[in-house]
Amino acid sequence: MYWSQLYVPTLRENPAEAEVVSHQLLLRAGYVRQLAAGIYNYLPLAQRSLLKIQQIIREEMDAIGAQEMLLPALNPAEVWKESGRWDVMGDNMFRLKDRFGRDLCLGMTHEEVMTALARGEVRSYKQLPQIWYQIQTKFRDEPRPKSGLLRVRQFIMKDSYSFDLLPAGLDVSYEKHRAAYYKIFERCGLKFLAVEAHSGAMGGSQSHEFMVESAAGEDFVAVCESAGYAANLEKAVSTPVPPAAPDVEGDLAPEEFHTPGQKTIEQLVAFTGVPATNLMKSVVYVCDDKPYLCLLRGDHQLNEAKLGSATGASDLRPAHPAEIQDWFGAAPGSLGPVGVKAMPILLDSALAGRKNLITGANKDDYHLRHVTPGEDFTAVTHDLRQVAEGDTHVETGAPLKIVKTVEIGHIFKLGYKYSESMGLKVLDQDGKEVTVIMGSYGIGVERILCAAIELFHDESGMSMPASIAPFQVVITPVYYSDPAQKEAAEQLYKECKALGIDALLDDRDERPGVKFKDAELIGIPYRITIGKKLPQGIVEVVTRRTKSAEEVTVAGAAAHIAQLLRG
RNA sequence: CGGGGCGUGGCUCAGCCUGGUAGAGCGCCUGGUUCGGGACCAGGAGGCCGGAGGUUCGAAUCCUCUCGCCCCGACCA
């Protein structure tokens with residue numbers, strides 16, 4: 001491709017609307033233009049890059065025996081009603097009606113359509129397993145699109161679905177995907193983490209997310225490199241830091257004491273002189289319309305996902321102050337478990353075995369000391385606590401750190417959720433009907449592009465991994481008007497093409513500085529500069545990421561680039 | 001949906017408070033001089049100031065409504 005024939009509208013300044021780096025650079029480097037909130041035009045550079053990403057995905061999916069299909073984005077309501085998700089998806093689903101008034105929607109994921117397809121086709125265990133996938137546009141009416149291409153309302157997703165006769169088969173399909181995802185993200189040049197993810201209230205299911213560390217991310221992950229542990233904070237477990245003081249000894253009875261105006265843990269710590277680790281915090285949640293009292297160590301935070309797992313509820317919210325007043329006869333800030341009968345009490349496992357703690361008295365401005373779980377109240381113990389920075393790995397005791405990440409892929413053992421609700425069954429060897437077990441696996445294509453930019457950029461612009469850069473090399477004759485440089489550039493371009501190198505020839509009549517700046521901004525990994533040493537048969541090869549230059553012969557330049565690309 | 005910010009040539013912004021009929025830099029076009037890190041000179045094109053209504057002799061500017069975009073939160077398959 002010749003630059004003069006490529007539409008690359010680079011900008012000198014960052015557009016005001018962009019805040020995160022990948023968004024700024026995508027606009028500035030002429031990759032994308034916004035049409036509306038969360039809806040983008042992909043210009044030639046973005047499209048080239050996205051196609052390369054898709055090709056990598058395609059090759060690795062095909063390599064595990066997955067079969068590419070293309071399903072409609074426009075879906076009839078019926079299949080979504082069968083699974084129950086027509087209602088569950090709520091406002092996140094784009095809905096429309098056809099001319100006869102029939103309900104339709106734009107697909108946000110394709111479990112329903114894939115299951116409906118399989119149900120109509122697959123009859124026998126002999127036809128299993130199957131892995132079906134597509135690379136297709138998804139639509140989600142996000143409450144708040146943001147961060148450029150990171151959270152949008154229309155995006156490209158690789159989604160695949162596995163169909164197996166038995167759980168052991170699902171395990172195989174899942175492992176195939178996990179291995180393929182490693183290869184895909186490695187080939188895309190990303191540094192990423194595979195983390196254990198929250199598997200929802202379905203039980204027994206397994207889930208991993210693939211995350212790239214980035215300040216622009218929205219998910220937090222607990223990581224312990226030495227132990228090889230990484231988990232989404234929704235799911236992560238750890239050993240908390242030990243209590244700052246030993247528990248008061250003795251078989252003591254609860255004892256009320258006056259704490260005027262002391263509502264928060266910080267206030268209580270200051271007032272009593274007792275460290276937060278020796279206080280017991282009471283948090284009231286309403287889970288699927290039922291109230292629960294959750295007890296945590298004073299310095300710990302409740303994790304809603306874990307509470308959801310503990311209660312089996314899907315709809316969680318903190319109780320309103322009025323409800324709390326009703327149930328406890330006291331305001332938040334003086335709540336505790338002693339004497340509570342109206343609701344189940346859940347004790348965080350970090351408090352198991354502790355004794356003589358301070359907690360609320362269910363009486364405004366009073367607290368109790370010497371409260372011991374199991375003696376002074378009865379509770380069910382669950383892991384409810386959010387892992388915090390400074391906690392340690394449960395087995396090795398090595399410290400955990402918490403990092404902010406962008407999710408680029410997610411693999412999930414669905415189990416029977418869709419096959420059961422939608423009636424996907426096959427006959428087994430004994431002629432008996434068996435419900436098929438499924439998995440689903442997604443990759444956000446644009447997010448790979450964003451993550452690469454977030455990972456690899458500097459003050460000059462992007463520094464794309466060679467495998468997904470719009471071009472692998474840019475040939476920059478300093479003066480294209482110089483016949484010798486022009487001829488050398490065109491010759492080099494042909495040689496690159498012959499070697500299968502995706503080359504861009506900057507044939508523009510621009511000053512050298514402009515060409516260098518543009519090439520660096522759009523992030524092409526290698527540049528061949530043809531300039532003053534051409535008469536001696538020498539050109540310069542510049543590596544974008546390091547900005548290091550080396551001189552090579554014109555004759556050997558294309559082969560040199562090919563060598564660099566081979567890595 | 002709650003809170004905040006912003007809408008003025010393609011881009012970044014000034015002008016608004018204190019109403020008098022629109023500016024700068026970059027980009028774009030033409031000509032010339034330049035030319036290894038976003039050149040310079042001269043000339044030029046391009047905006048009913050997001051939209052509607054109101055106040056006023058007169059509105060980019062004041063008032064009301066509305067639409068859009070961004071950020072924080074809520075939410076998030």
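Values in this document were obtained by computation on a predicted structure and should not be read as measured data. So that the names make sense, note that chain A is the first sequence line, chain B the second, and so on, each numbered from 1.
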Identify the two heavy atoms, one from A/Leu149 and one from A/Cys450, that lie closest to each other, and give their separation to 0.1 Å.
CB-SG, 3.4 Å

Protein-nucleotide distance (A/Arg151, atom CZ; B/C71, atom P), rounded to Å:
12 Å

For A/Pro15 and for A/Asn92, locate the closest nucleotide of RNA chain B by heavy-atom distance; then report the residue assigned to the nucleotide nearer the 5' terminus.
A/Pro15

Salt-bridge criterion met for A/Lys290 and A/Asp288 (N-O under 4.0 Å)
no

So that I know where these two stand, are A/Phe210 and A/Phe185 an aromatic pair - ring centroids less than 6.0 Å apart?
yes

Just how far, in rounded Å, is P of B/C76 from CG of A/Leu150?
19 Å

Rounded off to whole Å, could you give me the NE2-to-P distance for the A/His23 and B/C11 pair?
13 Å

Taking only residues at least two apart or on different chains, which pairs with a member in residues 68-84 of chain A satisfy salt bridge (charged side-chain N to carboxylate O under 4.0 Å, His left out)?
A/Arg58-A/Glu68, A/Lys81-A/Asp103, A/Glu82-A/Arg119

Would you tabulate the side-chain donor-acceptor contacts of residues 7-15 of chain A under 3.5 Å, counting partners in other chains and residues two or more places apart, or write 'none'?
| unit_1 | atom_1 | unit_2 | atom_2 | d |
| --- | --- | --- | --- | --- |
| A/Thr10 | OG1 | A/Asp518 | OD1 | 3.0 |
| A/Asn14 | OD1 | A/Arg28 | NE | 3.2 |

Letter by letter from the 5' end, nucleotides 37-44 of chain B scores (B base, S sugar-phosphate only, - none; protein heavy atoms under 4.0 Å) BBB-----

Contacting residues from residues 32-44 of chain A, given that a heavy atom lies under 4.0 angstrom of RNA chain B
A/Gln34, A/Ala36, A/Ala37

Using atom types as modelled and distance alone, determine if a side-chain donor or acceptor of A/Ser49 lies under 3.5 Å from a backbone N or O of A/Leu45.
no

For B/G7 versus B/G50, give the span between their P atoms, rounded off to a whole number of Å.
8 Å

note: A/Tyr7, atom OH; B/G27, atom P; distance rounded to Å ~ 15 Å

Sugar-phosphate, base or nothing in reach of A/Ser147, heavy atoms under 4.0 Å:
sugar-phosphate

Short side-chain N/O contact to B/C72 OP1/OP2 from A/Arg144, under 4.0 Å:
yes

Please tabulate, for side-chain N and O atoms in residues 437-444 of chain A, each donor-acceptor pair with protein atoms closer than 3.5 Å (sequence neighbours left out).
| unit_1 | atom_1 | unit_2 | atom_2 | d |
| --- | --- | --- | --- | --- |
| A/Ser440 | OG | A/Glu111 | OE2 | 3.0 |
| A/Tyr441 | OH | A/Ser162 | OG | 2.7 |

Atom CG of A/Asn14 and atom C1' of B/C70 are separated, to the nearest Å, by 14 Å

Which part of the nucleic acid, if any, lies within contact of A/Arg85, taking any heavy atom under 4.0 Å across all strands shown: a base, the sugar-phosphate backbone alone, or nothing?
sugar-phosphate

Expressed as a whole number of Å, how far does the P atom of B/G9 sit from that of B/G47?
11 Å

Between A/Tyr480, A/Phe471, A/Tyr493, which is the residue that forms a ring-ring contact (aromatic ring centres under 6.0 Å, His included) with A/Tyr2?
A/Tyr493

Can you list, pair by pair, the side-chain donor-acceptor contacts under 3.5 Å of residues 87-96 of chain A, counting residues two or more places apart and other chains?
| unit_1 | atom_1 | unit_2 | atom_2 | d |
| --- | --- | --- | --- | --- |
| A/Arg95 | NH1 | A/Trp86 | O | 3.1 |
| A/Arg95 | NH2 | A/Trp86 | O | 2.9 |
| A/Arg95 | NH2 | A/Gly90 | O | 2.8 |

With heavy atoms under 4.0 Å as the rule, sort A/Pro143 into base, sugar-phosphate or nothing.
base

Between atom CD in A/Glu17 and atom P in B/U8, what is the gap in whole Å?
11 Å

A/Glu142 has an atom CD; how far is it from atom P of B/C75, in whole Å?
14 Å

Classify the nucleic acid contact of A/Glu13 as base, sugar-phosphate or nothing, counting any heavy atom under 4.0 Å across all strands shown.
base

What is the distance, rounded to the nearest whole Å, between atom CD of A/Glu304 and atom C1' of B/C75?
11 Å

A/His23 side chain to A/Lys146 side chain, donor-acceptor N/O pair below 3.5 angstrom
no

